[in-house]
Amino acid sequence: MNKLSILLLVMLMAGCAAQQKVTSDKNMANEPFLIYKTKADYRQNVPIMLNDTKTSIVSYPAPSDLKTESGLRLPTLLSDAYLLDNKGIGKNVAFTAYTYEEYAAMSQAPSLDELMNSIIDQDPLLELYDCKEYLNIKYDLKKVNHLVKKELKHCVKLK
């Protein structure tokens, strides 16, 4: 192989590696980082998403969505009763009477009617913050709790 071919091969491989990193950073930028506080303790209750008028369900999890290799996707309790979302909630979240444990054990999700009838709170949020600017600390609970202690000043308040 001549030197030019080797040089082109090295440049091509470097370009692929750079593209792979850009793609990973882009995916990470789309990862949610929501911190919230609820009116009551709904940590064990399965969240679903309602439309803006809260009259119909727009999103709900499959039972398998609530499981991870290490357990269930329960929200992480932070300081001052704030929670770190590990499931995917939003400002139109509602909580059901189903617990993560019982829901995750189901072979299929309940019907939409059953889910609507299981709602225990259609407006459970006191506060909701989007902290994606701090995504790099999401998995460092000490730093996330420090962010909470600073009153989430640099996060975007959604509610």
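For the atom pair Gln44 CD and Glu101 CD, the distance stands at 8.0 Å (nearest 0.5 Å). Ser59 OG to Leu50 CG: the interatomic distance, rounded to the nearest 0.5 Å, is 10.0 Å. In this structure, the separation between CG on Asn92 and CG on Leu128 is 10.0 Å, given to the nearest 0.5 Å. If you take NZ on Lys87 and OH on Tyr100, they are separated by 7.0 Å, rounding to the nearest 0.5 Å. Between atom NZ of residue Lys37 and atom CG of residue Leu125 there is a gap of 12.5 Å, rounded to the nearest 0.5 Å. For the atom pair Met116 CE and Ser56 OG, the distance stands at 7.0 Å (nearest 0.5 Å).
Using cut-offs of 30° and 60° on the angle between ring planes, the pair Tyr103 and Tyr98 is perpendicular.
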If you apply the rule side chain to side chain contact (heavy atoms under 4.5 Å, CB included), what do you find for Asn51 with Thr55, and how did you get there? CA-CA 6 Å; Asn51 63 359; Thr55 55; 3.1 Å; yes
Side chain to side chain contact (heavy atoms under 4.5 Å, CB included), that's the test. Do Leu83 and Leu78 meet it? Break it down for me. CA-CA 5 Å; Leu83 299 163; Leu78 302 171; 5.9 Å; no
Val93 vs Met49, test: side chain to side chain contact (heavy atoms under 4.5 Å, CB included). Steps then yes/no. CA-CA 5 Å; Val93 69; Met49 296 300 296; 3.9 Å; yes
Take Phe33 and Ile137 through the test side chain to side chain contact (heavy atoms under 4.5 Å, CB included) and record every step on the way to the result. CA-CA 10 Å; Phe33 182 9; Ile137 68 162; 4.2 Å; yes
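In this structure, the side chain of Lys39 engages the main chain of Asp123 through a donor-acceptor pair within 3.5 Å. For Thr38 (side chain) and Asp41 (main-chain N/O), no donor-acceptor pair under 3.5 Å exists by modelled atom type. A donor-acceptor pair under 3.5 Å is formed between the side chain of Asn86 and the backbone N or O of Leu74. Looking only at distances, no side-chain donor or acceptor of Arg43 sits under 3.5 Å from a matching main-chain atom of Pro75. Between the Asn45 side chain and the Thr96 main chain, a donor and an acceptor come within less than 3.5 Å of each other.
Note on Tyr129: it does not cluster hydrophobically with Leu34, by side-chain heavy-atom contacts below 4.5 Å among ILVMFWY residues. Clustering ILVMFWY residues whenever any of their side-chain heavy atoms sit less than 4.5 angstrom apart, transitively, puts Val156 in the very cluster that holds Ile89. Side-chain heavy atoms closer than 4.5 Å link hydrophobic residues (I, L, V, M, F, W, Y) into clusters, and following such links, even through other members, never connects Leu152 to Leu158. No continuous path of hydrophobic side-chain contacts links Ile120 to Ile57 [ILVMFWY only; heavy atoms under 4.5 Å]. There is a path of hydrophobic side-chain contacts, each under 4.5 Å, that joins Val58 to Phe95.
The heavy-atom pair separating Lys54 from Gln122 by the smallest distance is NZ-O, 2.9 Å. In plain terms, the two heavy atoms of Ser79 and Asn145 that are nearest each other are N-OD1, 2.6 Å. Pairing each heavy atom of Pro61 with each of Pro47, the nearest pair is CD-O, 3.6 Å. Closest approach of Pro110 to Leu115, counting heavy atoms only: O-CD1, 3.9 Å. Residues Cys131 and Ile35 come closest through the heavy atom pair SG-CD1, 3.9 Å.
Residue-environment remark: NZ (Lys143) stays at or below the threshold of 12 foreign heavy atoms within 6.0 Å. Within 6.0 Å of CD on Glu102 lie more than 12 heavy atoms contributed by other residues, nucleotides or ligands. Around atom NZ of Lys91, no more than 12 heavy atoms belonging to other residues, nucleotides or ligands sit under 6.0 Å away.
Taking the charged nitrogens against the carboxylate oxygens, Asp130 and Lys159 have no contact shorter than 4.0 Å, which rules out a salt bridge. With salt bridges taken as basic N to acidic carboxylate O contacts below 4.0 Å, none links Lys142 and Asp140.
With hydrogens and angles left out, the side-chain atoms of Asp121 and Tyr42 include a donor and acceptor closer than 3.5 Å.
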